[in-house]
Amino acid sequence: MYNPIQNTKGGKIGVILTDPNDWTARAFVKNIEKRGANPIPINLSSLSASLSTADFSLFSTDLKDLELDALIVRDVGISFSLESISFKFDLIRQFESSIPVMNSSAAIQNAANKFFSFYLFKRAHLPIPRTTITSELDVAVKTIEEFEIVVVKPIFGSQGKGIIKLESSEPDLKLKLRGLLKERGVLYLQEFVPNPGRDIRVFVVGEETLGAIYRVSLRGSFVSNLSQGGRPVKCELSEEMEELAIRTRKAVGAYFAGVDLIEGEEGLFVLEVNGTPSGKGINQACGIDVTERIIDLLFERVNFRT
Ligand SMILES: Nc1ncnc2c1ncn2[C@@H]1O[C@H](COP(=O)(O)OP(=O)(O)O)[C@@H](O)[C@H]1O
Ligand SMILES: [Mg+2]
């Protein structure tokens, strides 16, 4: 059992978000208020940094006070340049040197990277589908011949966007791969796992799993993301799901995570981990508010100044 810290009154908790109407962002704000602290919504795009030999400051036209006690990251937002995305993560990184931040920039980046997260999963002995990442056409062709059916994914993708299925028997396979390589520069090829038309999203906060949903794919679709028409349905957690989800969260160094599992013919595989998960689907399907427990965990780590 955990004992939520009570002396949170007057604390200032930054909430990194892009859409203030997003269900999860609002739930974070509400739960921070419920604990008597002040939520400070922050869009990283609105922050400027100023440096000199003697000083470092952050400022924003719509925020007067950036003296925070802790920071919760709902979402960092999409960026169209490498410079802009790294500036956003570096802003989070500098907060980490003085206050608790959840999840950390490193954990969010580990989770968002489909190659590096898989490397960390493998190192943690987690079950994952066979995956090859390559910029070589011949290696790509060989991989598909071996796996027979693959999904090709962007290394930094989300919401099921840009994922395609390819079969080794496909006419013009080489031509298609050449086109994809030209477009993406590198191919992330993963063995397709035959499954019951759904995946499983498990919510983990610290050492606890709070619940899980099946995401049932739309008929005719092989991706089950809610943003692609997938339907959230309550899933009873098995011990195996709980254990895998907690180990997956730890593998990327996150405090909380949405862990995606898929039911293969021979057992569960880890598909991915999300370090900035939405709490909406599980709230709809199970009536659980995951943000409440996340805020409790954050408050356990804060030394409030007030
Ligand atoms: N190897 C696979 N085998 C079968 N289905 C997959 C596989 N990889 C992904 N999918 C389906 O595609 C969806 C999106 O894939 P995922 O790797 O989670 O990318 P994203 O970050 O875009 O959500 C999954 O939720 C699952 O339904
Ligand atoms: Mg996913």
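Whatever order the structure lists ligands and atoms in, that order sets their numbers, starting from 1. All values reported here derive from a predicted model rather than from experimental measurement.
- Residue Ile163 approaches ligand 1 through these ligand atoms, each under 4.0 Å from one of its heavy atoms: 14 (C), 15 (O), 19 (O), 22 (O).
- Linking ILVMFWY side-chain heavy atoms closer than 4.5 Å, directly or via other members, places Val205 and Phe203 in a single hydrophobic cluster.
- Close contacts of ligand 1 with Val223, meaning ligand atoms under 4.0 Å from a residue heavy atom, involve 12 (O), 13 (C), 27 (O).
- Comment: Glu292 does not engage Lys30 in a salt bridge, judged by the lack of any side-chain N to carboxylate O separation of less than 4.0 angstrom.
- Each of the following atoms of ligand 1 lies closer than 4.0 Å to a heavy atom of Gly157: 21 (O).
- When non-hydrogen atoms are compared, ligand 1 lies under 4.0 Å from neither the backbone nor the side chain of Arg198.
- Within the model, atoms CG of Asn283 and OG1 of Thr24 stand 9.0 Å from one another, a figure rounded to the nearest 0.5 Å.
- Hydrophobic clustering keeps Leu271 apart from Ile163 (ILVMFWY residues linked when any side-chain heavy atoms are closer than 4.5 Å, directly or through intermediates).
- For ligand 1 and Phe192, the ligand atoms under 4.0 Å from any heavy atom of the residue are 3 (N), 4 (C), 5 (N).
- Contacts between Val151 and ligand 1 below 4.0 angstrom, taking non-hydrogen atoms only, involve the side chain exclusively.
- Residue contacts with ligand 1 for Glu191 involve N, CA, C or O but no side-chain atom from C-beta outward (heavy atoms, distance under 4.0 Å).
- The shortest N/O to N/O separation between Gln190 and ligand 1 falls below 3.5 Å.
- Counting only heavy atoms of the protein, atom 24 (C) of ligand 1 lies nearest to Asp199 OD2, 3.6 Å.
- Interatomic distance, Ile32 CD1 to Ile72 CD1, rounded to the nearest 0.5 Å: 6.5 Å.
- The number of heavy atoms from other shown groups lying within 6.0 Å of CD1 (Ile78) does not exceed 12.
- Atom 8 (N) of ligand 1 has as its closest protein heavy atom Lys153 NZ, 2.9 Å.
- The distance from the CG atom of Asp22 to the OG atom of Ser278 is 6.0 Å, given to the nearest 0.5 Å.
- Each of the following atoms of ligand 1 lies closer than 4.0 Å to a heavy atom of Ile262: 4 (C), 5 (N).
- Remark: ligand 1 atoms within the under-4.0 Å shell around heavy atoms of Gln159 are 20 (P), 22 (O), 23 (O).
- Within Glu272, the N/O/S atom positioned nearest the Mg ion (ligand 2) carries the name OE2.
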Arg74 vs Asp19, salt bridge (charged side-chain N to carboxylate O under 4.0 Å, His left out): CA-CA, chis, key distance, verdict: CA-CA 10 Å; Arg74 162 57 191 119; Asp19 174 9; over 6 Å; no
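- Those atoms of ligand 1 with a heavy atom of Phe222 less than 4.0 angstrom away are 11 (C), 27 (O).
- Distance from atom 22 (O) of ligand 1 to its nearest protein heavy atom, with residue and atom name: Gly160 N, 2.7 Å.
- Phe192 carries Lys165 over the face of its six-membered ring, with the cationic atom under 6.0 Å from the centre and within 45° of the normal.
- The protein heavy-atom contact nearest to atom 21 (O) of ligand 1 is Lys114 NZ, 2.6 Å.
- At the shortest separation from atom 13 (C) of ligand 1 among protein heavy atoms lies Asn225 OD1, 3.3 Å.
- Taking CD1 of Ile13 as the reference point, atom CD1 of Ile40 lies at 8.5 Å (rounded to 0.5 Å).
- If you check which protein heavy atom lies closest to atom 3 (N) of ligand 1, you get Val193 N, 2.8 Å.
- Atoms CD and CZ, on Glu208 and Phe256 in that order, are 14.5 Å from each other to the nearest 0.5 Å.
- Annotation: atom 27 (O) of ligand 1 to nearest protein heavy atom, Ser224 OG, 2.8 Å.
- For atom 20 (P) of ligand 1, the closest heavy atom belonging to the protein is Glu272 OE2, 3.4 Å.
- Within a 6.0 Å radius of CD in Glu96, other residues, nucleotides and ligands contribute more than 12 heavy atoms.
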